[in-house]
Student: 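Pasting a structure below so you can have a look.
Letters A, B, ... are given to chains in the order of the sequence lines, protein chains preceding strands, and every chain is numbered from 1.
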There are 2 protein chains.
Amino acid sequence: MSLRYALLALLRVGPLSGYDLQKQFSQSVGHVWHAPDSQIYPELRKMASEGLIEPEEQTRGRLGTRRVYHVTDAGDRAFLDWMRCPLDYQRVRDPAHLRAAYLETTDAESARRFLRAHIAQWEAELAQWEREIERIDAVENPMLVRRLAVTAEADRERTIAYKRFAYEGLVERAQGEIAWARRGLDLVDRLGR
Amino acid sequence: MSLRYALLALLRVGPLSGYDLQKQFSQSVGHVWHAPDSQIYPELRKMASEGLIEPEEQTRGRLGTRRVYHVTDAGDRAFLDWMRCPLDYQRVRDPAHLRAAYLETTDAESARRFLRAHIAQWEAELAQWEREIERIDAVENPMLVRRLAVTAEADRERTIAYKRFAYEGLVERAQGEIAWARRGLDLVDRLGR
DNA sequence: TTTATCATGTAAGGTGTTACATGATTTA
DNA sequence: TAAATCATGTAACACCTTACATGATAAA
């Protein structure tokens, strides 16, 4: 159910089309939440039918239509309510740790390949998140800039600080995963003999 | 698709019923993978129809039937193939970090409540995982004991070491989440003024 | 004129959750 | 006799993924 709140968070800054949102989801915010276009367009329609957002139809050329969505008062309230209510945490379901627990059932080379892929995966995420933090510090991120433009002076520091805080958490998680997998490689070496 | 491999991993140690598997998923292995009974029973049927496992029907009392599943050679191969092939990592979708990035939109008390709940959530997981490590060290975990019973002497050290390694990773992740949320609380205090 | 980007969707299928539904056996 | 545990499922729905499908506009 968080998809709609991720969408609302973006739209609260200013009206965007499904296409714009999709781009955000594969760029900056995509590092915290991701959804494909096939999920975004229907969800926007549904949110519009529930009165959380309102489409502003724009014609593009002769035939094309572009729907730019605005957050309604109801949508704003829905987002703020979500921010105040407890999050529901799902039970762990972690393929990587599941596999790690059974690494003795495979050969050392497969074990190493798995751990190296795990490192590569998290190093890629880490690089993106670190770059995002740099962009936050430099106030370069376009969405952040737009948000700051509609934010009262007094709230700007908090806006930046919490965004940075969120990414710091992701960076630390990635670093932890990498350190863990590196220790795993050492373990394979030690047990391999 | 990992549910079936989690099931195979458990069944490879020895035949179990849907009920037994469900219990494992809410206990020891449940700390790495979880599934409700409504997902387990149909999946077992499907796996049986694909020849990965075979049911041994046992009558309980006059009417009750209990199906204990054995892993077939095909099932064993499927598991080992999965252990050798690359894992597919899903894109991040993290409600807690999504919310953290927008914490300036809510009041300090809601922010604190969220962070405290995050800490409580991960402390509960941490406690379970730490207990699990203790049980691994003491060779008390029933599934581990069963597994060691069907494991060649030479592989016992590896079996224990990898299981411990998997849980260590989870413990470190939980510690990271807790430390991050604690810093978040400090941040709320600092920005609140 | 071709390619990239803008723009919006449908369809099918897999995965996961919650609630519902039933009944037997064992232990206190 | 009551409660706990054993035991197996169905139904409806939410969420997510992958592939398919179409066409306009802008830039090279």
Side-chain angles (χ1 to χ4, degrees), chain A residues 1-8 15-27 30 32-50 52-53 55-69 82 87-95 98 142, chain B residues 1-8 11 15-27 30 32-50 53 55-69 82 87-95 98 142:
Chain A
M1 250 323 234
S2 294
L3 170 58
R4 72 169 43 189
Y5 300 107
L7 292 169
L8 282 173
L16 293 169
S17 69
Y19 186 79
D20 296 331
L21 288 160
Q22 194 214 125
K23 262 199 314 184
Q24 287 305 319
F25 275 171
S26 49
Q27 290 167 19
V32 184
W33 200 269
H34 167 261
D37 48 356
S38 63
Q39 212 189 340
I40 293 171
Y41 289 112
E43 183 65 21
L44 288 172
R45 292 259 167 164
K46 213 176 150 200
M47 287 162 72
S49 81
E50 293 176 32
L52 303 179
I53 55 177
E56 175 195 336
E57 312 222 338
Q58 298 178 344
T59 51
R60 262 171 48 87
R62 281 178 304 111
L63 290 164
T65 52
R66 175 186 143 99
R67 260 174 290 274
V68 171
Y69 290 94
W82 178 74
L87 267 193
D88 52 324
Y89 289 84
Q90 283 127 279
R91 299 282 317 252
V92 196
R93 209 172 262 124
D94 189 328
L98 172 64
Chain B
M1 251 323 235
S2 294
L3 171 58
R4 71 169 43 186
Y5 300 106
L7 292 169
L8 281 173
L11 290 174
L16 293 169
S17 70
Y19 186 78
D20 296 331
L21 289 160
Q22 193 212 127
K23 262 200 315 184
Q24 288 305 317
F25 274 171
S26 48
Q27 289 168 19
V32 184
W33 200 267
H34 168 261
D37 49 356
S38 64
Q39 212 189 343
I40 293 172
Y41 289 112
E43 182 66 21
L44 287 172
R45 292 260 167 162
K46 212 175 151 201
M47 288 163 73
S49 82
E50 293 176 31
I53 55 177
E56 175 194 335
E57 312 222 338
Q58 299 178 345
T59 51
R60 262 170 47 88
R62 280 178 305 108
L63 291 164
T65 52
R66 175 185 142 98
R67 261 173 290 275
V68 171
Y69 290 93
W82 178 75
L87 266 192
D88 52 324
Y89 289 84
Q90 283 128 279
R91 300 280 318 251
V92 195
R93 208 171 262 127
D94 189 328
L98 172 65

Student: Consider the side chain of B:Tyr41, meaning its heavy atoms from C-beta on, and name the nucleotide among D:dA7, C:dT8, D:dA11 that approaches it most closely.
Tutor: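 Of D:dA7, C:dT8, D:dA11, D:dA7 is nearest to the side chain of B:Tyr41.
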Student: Expressed as a whole number of angstroms, how long is the span from A:Tyr19:OH to D:dA26:P?
Tutor: 14 Å
Student: Side chain of B:Asp20: nearest nucleotide among D:dA7, C:dT5, D:dT8?
Tutor: D:dA7
Student: Rounded at 0.5 Å granularity, tell me how far CD in B:Gln22 sits from CD1 in B:Ile40.
Tutor: 5.5 Å
Student: B:Arg66 side chain: which of C:dC6, D:dC16, D:dA7 is closest?
Tutor: D:dA7
Student: Taking OP1 and OP2 of D:dT17, is either one under 4.0 Å from a side-chain nitrogen or oxygen of B:Arg93?
Tutor: yes
Student: What pair of heavy atoms forms the shortest contact from B:Ser2 to B:Trp33, and how long is it?
Tutor: CB-CH2, 3.3 Å
Student: Just jot down the salt bridge (charged side-chain N to carboxylate O under 4.0 Å, His left out) partners of B:Asp94, sequence neighbours excluded, or say none.
Tutor: A:Arg173
Student: Which is more 5' along DNA chain D, the nucleotide nearest B:Val68 or the one nearest A:His34? Just name the residue.
Tutor: B:Val68
Student: Of the listed nucleotides (C:dT8, C:dT10, D:dT10), which one gets closest to any side-chain atom of B:Pro42?
Tutor: D:dT10
Student: Take atom CZ of A:Phe25 and atom P of D:dT17, then tell me their distance rounded to the nearest Å.
Tutor: 12 Å
Student: Using heavy-atom distances to pick each residue's nearest nucleotide on DNA chain D, tell me which of B:Gln39 and B:Gln90 is more 5'.
Tutor: B:Gln39
Student: Counting side-chain heavy atoms from CB outward, which of D:dT8, C:dT18, D:dT18 is closest to A:Pro36?
Tutor: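 Closest of the options to the side chain of A:Pro36: D:dT18.
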Student: Find the distance A:Ile40:CD1 to C:dA7:C1' and express it as a whole number of Å.
Tutor: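 After rounding, the gap between these two atoms is 12 Å.
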Student: Rounded to whole Å, how long is the line connecting atom CD of B:Gln58 with atom P of C:dA24?
Tutor: 18 Å
Student: From the set C:dA11, C:dT8, C:dA19, return the single nucleotide nearest to any side-chain atom of A:Ser38.
Tutor: C:dA11
Student: Going by salt bridge (charged side-chain N to carboxylate O under 4.0 Å, His left out), name the residues that satisfy it together with B:Arg4, two or more places apart in sequence or in a different chain.
Tutor: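 Listed in chain order: B:Glu43, B:Glu50.
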Student: So if I take every side-chain heavy atom of B:Arg67 and compare against D:dA11, D:dT8, C:dG16, which nucleotide ends up nearest?
Tutor: D:dT8
Student: Let's test your reading of the model: under 3.5 Å, does the base of D:dT8 pair with the side chain of B:Ser17 as donor and acceptor?
Tutor: no
Student: Provide, to the nearest angstrom, the distance between the CG atom belonging to A:Asp94 and the P atom belonging to C:dG16.
Tutor: 13 Å
Student: Taking atom P of C:dA7 as reference, at what distance in whole Å does atom CD of A:Gln22 sit?
Tutor: 11 Å
Student: Closest heavy-atom contact between A:Leu44 and A:Gly18?
Tutor: CD1-CA, 3.6 Å
Student: Nearest-Å distance, CG (B:Asp88) to P (C:dG14)?
Tutor: 15 Å
Student: Choose from C:dG16, D:dC16, C:dA7 the nucleotide whose nearest atom is closest to any side-chain atom of A:Leu3.
Tutor: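 Out of C:dG16, D:dC16, C:dA7, the nucleotide with an atom closest to A:Leu3's side chain is D:dC16.
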Student: What is the distance, rounded to the nearest whole Å, between atom CD of A:Glu43 and atom P of D:dC15?
Tutor: 7 Å
